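Structure first, then comments.
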2 protein chains.
Amino acid sequence: MTKTNREDRGATIDAQFKALSDGTRRALLEHLVREGEQSVHALTAVSGVSQPMVSRHMAKLKRAELVTVRRAGRETFYAARAKGLAPVVQWMAVYGALWSQRFTALEGIEA
Amino acid sequence: MTKTNREDRGATIDAQFKALSDGTRRALLEHLVREGEQSVHALTAVSGVSQPMVSRHMAKLKRAELVTVRRAGRETFYAARAKGLAPVVQWMAVYGALWSQRFTALEGIEA
DNA sequence: TTCTTTCATAATCAAATGGTTATGGAATGG
DNA sequence: CCATTCCATAACCATTTGATTATGAAAGAA
């Protein structure tokens, strides 16, 4: 009864880990999680890198389905995507459970 | 008293995400988790890549503190390291929690 | 309309990365 | 002693990647 199909999950797991493997991208994502939806302009001000780089980082996060996009006029707002971490959490649940129990309490596993 | 200072953790989290961002490395790690301690020779037979590549992948996993090494004669045995995933789990716990917290009220909105 | 703001894309570059083959050092076995 | 097995490192190559500046489209302001 879950909405996410297997192929989708398998395909995105690599993209997600790759997306999360860069510090700048994680910082951007963390900012979105903490502060909520943000424009590229706002993200640029915070990120310490150029605006084009922010655009490219966000594009990668979007491909990894970790953020959603909302365009309003000339602005583009990005937000952390609900359940975006599910594939990674899933992987952790399967392969990480042997190493650490703590995170099994995390929600979003839905399997 | 120096269990895990913040810099250490910050450095490790990046190394860990990077280590996990490669499919071959994840496969090797998954194999260790499922089958237990394995020699480089055995890992090479399973990995589909050359022996030197396995050595390099394992070195990276070791730097990320995701595996431990045990040398016995001319063989080198690697094993998934207990609590190795802790930093990543920590990150997931912190941001995953904020994540779901932020979105619990918005279920069903995403397209 | 004209100027300005916001953003994405293209061109470019240096560095990192994943892969290979070649090599050499230690153990093990004849 | 000599050959073999196991592993790590070096040398090398192609691709990816993080970053920059330059450019242009589109929306808003004047």
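Just the heavy atoms: all of them, side chains too, but no hydrogens, waters or symmetry mates, feed the values below. Keep in mind that this is a model prediction, so the values were computed, not measured. Naming: A, B, ... by sequence-line order, numbering from 1 per chain.
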Output yes when at least one side-chain N/O atom of [X] is less than 4.0 Å from OP1 or OP2 of [N], else no.
| X | N | result |
| --- | --- | --- |
| B/Thr24 | C/dG18 | no |
| B/Ser50 | C/dT20 | yes |
| A/His57 | D/dT17 | no |
| B/Arg25 | C/dG18 | yes |
| A/Thr76 | C/dA8 | yes |

Could you tell me how far apart [X] ([atom1]) and [N] ([atom2]) are, to the nearest whole angstrom?
| X | N | atom1 | atom2 | answer |
| --- | --- | --- | --- | --- |
| B/Met58 | C/dG19 | CE | P | 14 Å |
| A/Leu20 | D/dG18 | CG | C1' | 16 Å |
| B/Gln38 | D/dC6 | CD | P | 14 Å |
| A/Asp14 | C/dG18 | CG | C1' | 13 Å |
| B/Leu28 | C/dG18 | CG | C1' | 13 Å |
| B/Arg70 | C/dA27 | CZ | C1' | 15 Å |
| A/Met53 | C/dC7 | CE | C1' | 15 Å |
| A/His41 | D/dG28 | NE2 | C1' | 14 Å |

Of the nucleotides [options], which has the atom closest to the [X] side chain?
| X | options | result |
| --- | --- | --- |
| A/Arg74 | C/dT6, C/dC7, D/dG18 | C/dT6 |
| B/Val49 | C/dT17, C/dT20, C/dG29 | C/dT20 |
| B/Ser39 | C/dC7, D/dG18, D/dC7 | D/dC7 |
| A/Ser55 | C/dC7, D/dA8, C/dT5 | C/dC7 |

Q. Hey, what do you get for CE (B/Met58) to CG (B/Leu28), rounding to the nearest 0.5 Å?
A.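 Result: 6.0 Å between the selected atoms.
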Q. Taking atom OG of B/Ser50 and atom CZ of B/Arg56, what is their separation to the nearest 0.5 Å?
A. 9.0 Å
Q. For B/Glu37, which of B/Arg70, B/Arg81, B/Arg71 qualifies under salt bridge (charged side-chain N to carboxylate O under 4.0 Å, His left out)?
A. B/Arg70
Q) Donor-acceptor pair under 3.5 Å: do we get one between A/Glu75's side chain and the base of D/dA27? A)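 A donor-acceptor contact between them is absent.
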Q: Sort out for me which residue in A/Val69, A/Leu66, A/Thr68 forms a side chain to side chain contact (heavy atoms under 4.5 Å, CB included) with A/Leu61.
A: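 Answer after filtering A/Val69, A/Leu66, A/Thr68: A/Leu66.
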Q. B/Val94, A/Leu85: one ILVMFWY side-chain cluster at the under-4.5 Å cut-off?
A. yes
Q) If each of A/Lys18 and B/Tyr78 is mapped to the nucleotide of DNA chain D with the nearest heavy atom, which maps nearer the 5' terminus, i.e. the 5' end? A) B/Tyr78
(Q) Need one value for B/Arg56: base, sugar-phosphate or nothing, where a base atom within 4.0 Å counts as base even if backbone is also close, heavy atoms only. (A)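 Counting heavy atoms under 4.0 Å across all strands, the contact made by B/Arg56 includes a base.
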**Q.** Touch class at under 4.0 angstrom, heavy-atom based, for A/Thr44 against every strand present
**A.**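 No contact.
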Q: Start with the C-alpha distance between A/Arg26 and B/Tyr95, add both sets of side-chain angles, then the distance that settles side-chain contact (heavy atoms from CB on, under 4.5 Å), and finish with yes or no.
A: CA-CA 10 Å; A/Arg26 274 201 313 280; B/Tyr95 289 100; over 6 Å; no
Q. Of B/Gln51 and B/Lys60, whose nearest nucleotide on DNA chain C comes first from the 5' end?
A. B/Lys60
